[in-house]
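Only this structure's heavy atoms are used, side chains among them; waters, hydrogens and symmetry mates stay out. Residue numbers start at 1 and run along the sequence shown. It should be emphasised that the depicted structure is a prediction, and the values quoted were computed from it without experimental measurement. Atoms within each ligand, like the ligands themselves, are counted from 1 in listed order.
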Amino acid sequence: MTFSAFGDKFTRYTGITRLMDDLNEGLRTPGAVMLGGGNPAQIPAMKAYFQQLLGEMLEEGKLTEALCNYDGPQGKDVLRHSLAKLLSKELGWEVDAKNIALTNGSQSAFFYLFNLFAGQRADGTSRKVLFPLAPEYLGYADAGLDEDLFVSAKPNIELLPEGQFKYHVDFDHLHIGEDIGLICVSRPTNPTGNVITDEELIRLDALAQQHNVPLLIDNAYGVPFPGIIFSEATPLWNANTILCMSLSKLGLPGSRCGIVIADEKIITAITNMNGIISLSPGSTGPAIANEMIERGDLLRLSEDVIKPFYLQRVKQTIATLRRYLPEDRCLIHKPEGAIFLWLWFKDLPISTEILYQRLKQRGVLMVPGHYFFPGLEHPWPHTHQCMRMNYVPDEALIEQGVKVLAEEIERAHNEHAAK
Ligand code: PLP
């Protein structure tokens with residue numbers, strides 16, 4: 001069988017596919033400690049809430065109504081209207097329903113947007129997507145129709161007390177050439193839990209406007225929902241920004257609902273792409289989200305249930321890590337949001353890819369760091385010294401995984417010392 005060039009590119013076994021495979025396999029393997037994937041936590045209060053909400057929606061015919069009809073290609077009208085109203089009221093943004101399109105998960109929105117603004121143009125030139133701060137989300141890495149669609153910039157590293165550190169955008173070396181068509185940043189960042197500061201975001205916004213390219217802010221974990229953000233960060237939206245949101249980290253990844261908030265022209269483009277690629281986005285997630293907004297539950301649950309849950313988990317996980325791994329063995333990126341910890345094993349004698357293999361053999365899944373540098377131009381040893389773990393499972397499982405991690409780190413050091 002021979003595939004097209006598109007087929008060849010999109011049938012590759014990529015980092016994201018391996019991750020989803022690991023996740024699937026691990027979820028079905030008894031005893032496996034899954035610290036690899038991005039599945040959100042099964043928060044008991046949220047599960048109970050969804051159970052009840054879905055029951056009521058079913059009784060009222062709202063679920064059947066959603067399932068039995070196509071929405072328009074821009075996505076469910078009632079949600080676009082209620083969400084626009086919510087965002088204007090809560091954040092003072094001048095957004096209305098015309099500025100919102102829905103997609104089947106934000107992952108498919110990135111595919112649309114990257115290829116809308118980067119790649120070959122009619123005039124023969126081509127553009128790239130710039131990630132101004134790597135490490136950046138693994139899910140972006142293979143979403144380009146053209147090869148080499150991405151460039152990313154190395155961060156500055158600020159060392160902090162208690163064995164922590166924080167990445168910053170290195171504005172002194174950030175080059176935005178003629179070939180950049182889109183700037184993209186996740187805030188909070190997967191994999192690091194970093195939240196770029198307000199000052200950094202404002203500078204990026206100004207640079208994007210100056211170069212006449214949109215700034216895509218991936219807000220999958222941010223405010224006002226799901227609210228998995230622990231530092232002070234002001235949300236930003238204006239006509240030059242494209243804000244992507246999602247219902248996934250609220251606890252509804254199976255609903256595959258992404259939300260794009262952007263200038264009308266971009267929303268029209270997304271709407272037409274939706275029509276061509278999927279007729280219309282799925283409608284059950286949007287029906288649920290609309291119901292949550294109407295009941296006043298969306299922001300309340302984000303603030304009162306989801307955020308405290310993850311904050312408590314992250315504190316607990318850091319305490320566990322520190323019981324097994326001292327600062328000279330493992331630095332931790334300052335956890336400011338999202339559902340991951342980013343660990344830096346500065347003097348580890350093996351790469352984190354090898355560490356990943358060894359951990360996997362012992363039933364512990366984490367993700368080696370080098371996947372998270374899409375488009376980094378020059379080799380950088382740091383990319384092989386880091387590892388991402390989620391802190392979603394309960395305390396006992398995390399401790400089991402961390403114990404194995406510490407043993408493998410010690411083993412690697414001992415092997416090296418014995419040489
Ligand atoms: N953006 C980031 C930073 C993520 O970590 C994820 C999922 O893990 C997504 C987007 C994808 O979300 P969705 O389920 O809406 O496709």
### Message
Using a 4.0 Å cut-off to any heavy atom of Gly105, which atoms of ligand 1 qualify?
### Response
15 (O), 16 (O)
### Query
Does Gly38 reach ligand 1, in the sense of a heavy atom lying below 4.0 Å from it?
no
### Message
For the 3.5 Å polar cut-off, considering only N or O atoms, please tell me whether Ser186 and ligand 1 meet it.
### Response
no
### Query
Is a side-chain donor-acceptor pair under 3.5 Å present for Glu407 with Tyr324?
no
### Message
Checking a contact table here: which protein heavy atom is nearest atom 9 (C) of ligand 1, and how many Å away?
### Response
Tyr137 OH, 3.6 Å
#### Entry: pair Cys184-Val129: side-chain heavy atoms closer than 4.5 Å
yes
### Query
Any side-chain donor-acceptor pair under 3.5 Å between Lys334 and Asn194?
no
### Geometric class of the Tyr167/His333 ring pair [parallel <30°, tilted 30-60°, perpendicular >60°]
tilted
### Query
Tell me, which protein residue and heavy-atom name are nearest atom 14 (O) of ligand 1, and how many Å apart are they?
Ser248 OG, 2.6 Å
### Message
At less than 4.0 angstrom from any non-hydrogen atom of Ala220, what atoms of ligand 1 do you find?
### Response
1 (N), 2 (C), 10 (C)
### Message
Distance under 4.0 Å to a non-hydrogen atom of Arg256: what atoms of ligand 1 satisfy this?
### Response
13 (P), 14 (O), 16 (O)
### Summary
The closest protein heavy-atom partner of atom 8 (O) of ligand 1 is Lys249 NZ, 2.8 Å
#### Entry: Distance-only donor-acceptor check, side chains Asn190 and Arg388, under 3.5 Å
yes
#### Entry: Heavy-atom nearest neighbour in the protein, as seen from atom 11 (C) of ligand 1, with distance rounded to 0.1 Å
Ser106 OG, 3.5 Å
### Message
Any donor-acceptor pair under 3.5 Å linking the side-chain atoms of Gln361 with those of Gln357?
### Response
no
### Task
Give the atoms of ligand 1, by number and element, whose distance to some non-hydrogen atom of Tyr221 is under 4.0 Å.
2 (C), 3 (C), 4 (C), 5 (O), 8 (O)
### Query
What protein heavy atom is closest to atom 3 (C) of ligand 1, reported as residue, atom name and distance in Å?
Asp218 OD2, 3.2 Å
### Query
With no hydrogens and no angle check, do the side chains of Asp297 and Tyr49 hold a donor and an acceptor under 3.5 Å apart?
yes
### Query
How about Asn238 and Asp205: does a side-chain donor come under 3.5 Å of a side-chain acceptor?
yes
